[in-house]
Amino acid sequence: MLYLLCGPNGPSALYLVAASHALQHRPAAHPPRNHERAALRAELHCTVTDGAVGREVYCFEGLLKTALARVVGEAAVEKDHMDYAVELDIAVKPTTPVPGLGKEYGYYVGAGNPLFSVGGGVLRTVLKHILHKYHAKRGYYVVETPLLARTTLYEVTGHLQFYKENMFLVNIEGDEYAIKPMNCPFHVLIFMNLLQKYQAKVALPFKIFETGTVHRYEIAGALRGLLRVRAFTQDDAHIFAREEDVEQSLIEVFDMMKDVYEKLFHIPVTSETVRLRLSLSAKDKIGSEFMGEPEMWRFSEEKLFKVAEEIKRRYGIEFFAEEGEAAFYGPKLDVVVFEEDGKEWQIGTAQFDFNLPMRFKLNELLRETHGLEGNIYMIHRALLGSLERFIGIYLEMYKGRLPFVLAPLQALVVGILTGKEDVDSKIKKLVEEAKDKLLREEIRASSLYTTKTHLSKDVRKVESTVKPPLMIYVGQREAEKGLVTVRPYSHAERRRLQRTVSINEIMEVVSEMEEGVKALVGAPVRLPADPSYMT
RNA sequence: GCCGCCGUAGCUCAGCCGGCAGAGCGCCGCCCUGGUAAGGCGGAGGUCCCGGGUUCAAAUCCCGGCGGCGGCUCCA
């Protein structure tokens, strides 16, 4: 009987070995290596086709005096569960993890196509919940719209004319559909349907919000980590306002941005952290790349200029104008951040749009329902831009330190054991008490035990990987007093603060860490999940 | 889409002038018991991205693909 030893490239590159020979000569102390195990499962019927058999060649582990040359054969390989796992792995191909974090947060399953795993899932679910509630409190209706629509919709909006090269198109039963590249067409439809049914009862300005996932075909070379992907979720909203309400509505948007950046993400909004970019049309391309009439562009660009000046007056944030940066349907006022190398990334945006209302004949409709005299204008806006990009930039800025409410592992209780049984049992009791208390309150908490010797090594490990915003230490000192040492991470100071508190006071520390979110949405936002796999 | 670099252990990477698959960290076990980012010893752990080709022999050389990073271009 002959056995096939598969080389790294499988059956095409072979070492052929007489099995009895190999097995006989293998010292008992050296069990088969991995690639041999696979080989030993494979039964081979082969014919030697090359005249080289018998030539002096290199030996496999020095066991054979004569290696065999080329063979052609068929191998019947019995698959084990690992083989199937490997096949599936290749089919799905999890590749690069989210930069700075592990694969438990997320990874790419195709070019520009991120998957959010259990860690990223918690982060995004909490973030979306906060955004939904915050917008609802600020007078936005929260909706959800489908991924697919007939392309006829995008003919009306102009996307098919101005944006087609970025759209994924799909044919279903002979009809052409598009995967939505933007949420706005659906939001216009919803507004129109409400107007038709409820007429003047629909209050202006009308504000509609969605955490909408869109897909855009970006050329492969444009993709860049989480900062530029093909599938992403926008915190997208549209405001339909009369001319006299436009400026106030826009200023309100920037007020909300500041609110969310500072209270949820601890990012101080100053000229040092963010800048405003007034993105204008290129005059010679109006009609080709930019949709609509020159007068309307001039009108709306002036409006945005006034808003930019007002924001500068209120918040002291500088702005700069750039021609040719506008969206195809209107000019924008973008929030941009700069990387260390000077590369700029757009996050939040407020975009002025006179085109879509015209295309959907909204002026005429509102003339009937609301006795509108001028025009209705549409504002497209996003506070974070896309969740992916915002999180990607944030992870860079804060070196993977997420805000308390978003971190998959929020609190880690560390027991420092002494080796003395009576002391250790007290320590363990305190650790378990602290953890149970946190878990009961739906804080994502876990624990780990270490010793004085190992403490610094274990701290280094969690501080360089999962980075739990709240660390709680229990050692001999704490056990003697029945207290715990808390070390919450302060984003403002970029370091951990420390104090010693009773078990009952732990939730006060948690409460302090949730303050920003409570200020935003009125209540803490908690999502239980078992994070113990992370420690 | 174009140009350049890259893909090897859970992670970061070495090996790449073809010839037995490597290190550090992590993980597991033992020893230790120096309180806030590296204590000591031992062990386990691989489809060298995928597919073809050349060769007695490929992680290594050639062709094609996929994926990642950086630049151009483009955008949230």
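Only a predicted model underlies this, so the values are computations on that prediction, with no experimental measurement involved. In what follows, chains are A, B, ... by sequence order, proteins preceding strands, each numbered from 1.
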Problem set entry | Pairing residues for A/T349 by the side chain to side chain contact (heavy atoms under 4.5 Å, CB included) criterion, not counting sequence neighbours | A/K332, A/D334, A/Q346, A/Q351, A/A382
Tabulate protein N/O versus nucleotide N/O from nucleotides 73-75 of chain B, keeping only pairs under 3.5 Å, one per line.
from, atom 1, to, atom 2, distance (Å)
B/C74, O2, A/R228, NH1, 2.0
B/C74, O2, A/R228, NH2, 2.3
B/C74, N3, A/R228, NH1, 3.1
B/C75, O2, A/R389, NH2, 2.6

Exercise. Taking the same atom, C1', in B/C62 and in B/A9, what whole-Å distance lies between them?
Worked result: 28 Å
Between N or O atoms, less than 3.5 Å apart, protein on one side and nucleotides 26-32 of chain B on the other: list the pairs.
from, atom 1, to, atom 2, distance (Å)
B/C27, OP1, A/K461, NZ, 2.4

Exercise. Quick one: ring-ring contact (aromatic ring centres under 6.0 Å, His included) partners of A/F352, sequence neighbours excluded?
Worked result: A/Y377
Problem set entry | Sequence-distant partners of A/R494, side chain to side chain contact (heavy atoms under 4.5 Å, CB included), two or more places apart | A/Y398, A/Y489
Exercise. Given the C1' atoms of B/C49 and B/C25, what is the spacing between them in whole Å?
Worked result: 23 Å
Exercise. With no hydrogens and no angle check, is any side-chain donor or acceptor of A/R389 less than 3.5 Å from a backbone partner on A/L227?
Worked result: yes
Exercise. Of all residues at least two apart in sequence or in a different chain, which pass the side-chain hydrogen bond (donor to acceptor under 3.5 Å, both in side chains) check with A/H159?
Worked result: A/T157
For this session: Could you measure between the two C1' atoms, the one in B/A59 and the one in B/G19, and give it in whole Å?
Result: 13 Å
Problem set entry | P-based separation of B/G42 from B/G35 [nearest Å] | 26 Å
Exercise. Distance between the C1' atoms of B/G7 and B/C16, in whole angstroms?
Worked result: 13 Å
Exercise. Taking only N and O in the side chain of A/S456, is any of them less than 4.0 Å away from OP1 or OP2 of B/A38?
Worked result: yes
Exercise. Got a sec, which residues hit ring-ring contact (aromatic ring centres under 6.0 Å, His included) with A/F265, two or more places apart in sequence or on another chain?
Worked result: A/F390, A/Y394
Exercise. What integer number of Å spans the C1' atoms of B/C20 and B/C48?
Worked result: 15 Å
For this session: Could you list the residues that satisfy side chain to side chain contact (heavy atoms under 4.5 Å, CB included) with A/E433, not counting sequence neighbours?
Result: A/K429, A/I503
Problem set entry | B/G65 versus B/G39 - spacing of their P atoms, nearest Å | 49 Å
Exercise. If we take the P atom in both B/C32 and B/A44, what is their distance in whole Å?
Worked result: 23 Å
Problem set entry | Contacts of A/E218 that satisfy side chain to side chain contact (heavy atoms under 4.5 Å, CB included) - sequence neighbours left out | A/N166, A/R216, A/L223, A/R228, A/R230
